[in-house]
Amino acid sequence: MAKKEVYDESSIHVLEGLEAVRVRPGMYIGSTSRKGLNHLIYEIVDNAVDEHLAGYCTHIDVTLKADGSCEVSDNGRGVPVGMHEKGMPAERLVYTTLHAGGKFDNNAYKTSGGLHGVGSSVVNALSTDMDVIIKRDGYIHHDHFKRGVPTEKLVNGLLPTLGKTKETGTTVRFTPDPEIFEVTKFSATEVKSRLHETAYLNPGLTIVFRDERQEPAEEITYHEPEGIVGFVRDINRKEETVTEPILIEGEDEGIQVQIALQYVNEFHETILGYCNNIYNADGGTHITGFKTAFTTVMNGYARELGILKEKDQNFTGPDIRNGMTAIVAIKHPDPRFEGQTKTKLDNPDASRVVAKIVSEEAPHYFDRNLDALKAILECAEKSAKIRRSAEKAKSNLLTKQKFSFDTNGKLANCISRDASKCEIFIVEGDSAGGSAKTARDRNYQAILPIRGKILNVEKASIDKVLANAEIKTMITAFGCGFSEGYGNDFDITKLRYDKIIIMADADVDGAHIGTLLLTLFYRYMPELIYDGHVYIAMPPLYKVVPAKGEGEYLYDDKALELYRKKHKNEKFTLQRYKGLGEMDPQQLWETTLDPKTRRLRRIEIGNPGFSSDITEILMGTDVPPRKEFIYEHARDAELDV
Ligand code: 0RA
């Protein structure tokens, strides 16, 4: 009897907890856009990965079902189903209580504590239906929930069973709630890249992705026995590499450290930090420890080999990392994260331990691989040279910057200085630029026409990038500087426009220009994209004018198809826009500039490792895949009507 009372109380408690999740979903999963939606999958997968980290699960299946649900199945021990002291099966507690996950568990390196490591109960609360099937103790146990509320009747306080089995494992199938999410269609591209990343970070794990929403179903197996070494190799697979991937690893103070690094013939560094499988977008102590120790080790070698003479200054950290791609992955028993977004690792011991392992282990490698050592120091020398000329170019740019804003002939600036209201359109071509200048609302809309193609920053050194007129104009207009390997002068708070809108034709050339601009932003002003300031304008493809009534703009072929169906027996003229230059100012205003009618797509960056990868691949190859990048991202981005 006493038990029953506890059960009632706890179930009320459960409902209150899950109700909070439904009222403020963004607090638990970041957003209710496609990004938040995909996050549901990662929450469930992460739990299975935790079971892998605990040493019990080797295989995870992730299936996007034709009915819009997602199923995640693992071969771990199975979530415990016995009666918990709170008066219900432990399983039910896990799927209905916030943060219940770790309570039964002694896995030292759980992924929880990350950005949104909130557990499966949140997924349950945000799903119209959730099925949990647990194979354990000889039986197949089953539970079902609707919007987080259990619907299965317990038998003597235990879950109903579906039969017997000798296997173990957990299967969770959930259907995201359209009352909560703006879109309920998972992005296969995003999910695949995240699963691939998970496979790289857990070399003993096999993850099978299936997309049954298409015929025939797509199936991909992610298994990366080389681990992060394979990750680095893959990020660089289209690059001219200067060294083989190098693995540095060790363990101290209960912290496991794994670092893979490789040099390529490029003027940038890419360093990705992970703690307990969670990506740390803002780096943190593990990255700092790595950078400091690696710089010291390499400067030591440079002196030993006579590359640096007694009177020479040490190479800077960025010099040493010129051309480096690195993954720093640690496992920490008690990770702490800093700041609002929880994307920066904060544990001081992580810095100490990583530095110690790098100072001890890196020499073991380089003492035996002099060619790699010399190749890296050559990259550093090149960088030091360019750094000096860049410093000159930069000081020129900075002195010019004071005078050029507003007096620059090309930028038609807006009147308002309230950045939160201002927009800047980067318009391809002088004729479209001219129309846009006439059409705009000059109170808050600025127009910057750019001519032809801008420099491909993936292929140019920093001094060339800074010498490019179009790029200089953009940096000056935005007002927040830029960041690169030689010191970070970027300050997003100085940004003069809330929206940076790329306006290019809907053809291959336009797509190319869009990609070049995105590459520039991504490499030198990534916060513009991370903070959601970058948009692509989506001009219409057609205008239809019926014999009677108002004309209408159509933005894609699907819309045209629909229009044809709807107006089967009517006469209309169809006008196809070939380019922005063809529209007169009035049309340009209605279709592309006026916030009431235009269509914009916000650019989002998914997985940083892979985004960087995608940019590099696209800028290095032929045209068709580039186009795909623009449209892929445009399609995945949030619509801002
Ligand atoms: C805690 C204890 C045990 C298993 C799990 C958690 C577990 C959780 C999840 C979530 C997804 N898949 C999972 N697999 C297992 C087992 C404790 C025991 O058997 O002694």
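Along the sequence shown, residues are numbered consecutively beginning with 1. Atoms within a ligand are numbered from 1 in the order they appear, just like the ligands themselves. All of these numbers come straight from a predicted model, not from anything done at the bench.
Thr32 and Glu182 share a side-chain donor-acceptor pair at under 3.5 Å. A donor atom on one side chain and an acceptor atom on the other are not found under 3.5 Å apart for His52 and Asp74.
Which of Ile60, Val79, Ile134 comes nearest to atom 8 (C) of ligand 1 through a heavy atom is settled by distance: it is Val79. Remark: among candidates His52, Glu91, Glu51, the nearest residue to atom 14 (N) of ligand 1 is Glu51, based on non-hydrogen atoms.
Near Asp74, with a cut-off below 4.0 Å to any heavy atom, the atoms of ligand 1 are 11 (C), 12 (N), 13 (C). Those atoms of ligand 1 that come under 4.0 Å of a heavy atom in Thr170, given as number and element, are 12 (N), 13 (C), 14 (N).
Between Phe231 and Tyr274, the ring planes are tilted. Angles from 30° to 60° get that label. Ring orientation note: the planes of Tyr42 and His39 are nearly perpendicular, at an angle over 60° on the 30°/60° scale.
Side chain of Asn280 to backbone of Cys275: a donor-acceptor contact under 3.5 angstrom is found.
Note: an N/O pair closer than 3.5 Å links Arg136 and ligand 1 by distance alone. For a threshold of 3.5 Å applied to N or O pairs, the pair formed by Asn47 and ligand 1 contains no separation below that value.
Of the candidates Glu239, Glu224, Glu226, Glu226 is the only one forming a salt bridge (charged side-chain N to carboxylate O under 4.0 Å, His left out) with Arg233.
Under 4.0 Å from ligand 1, not a single heavy atom of Ser120 appears.
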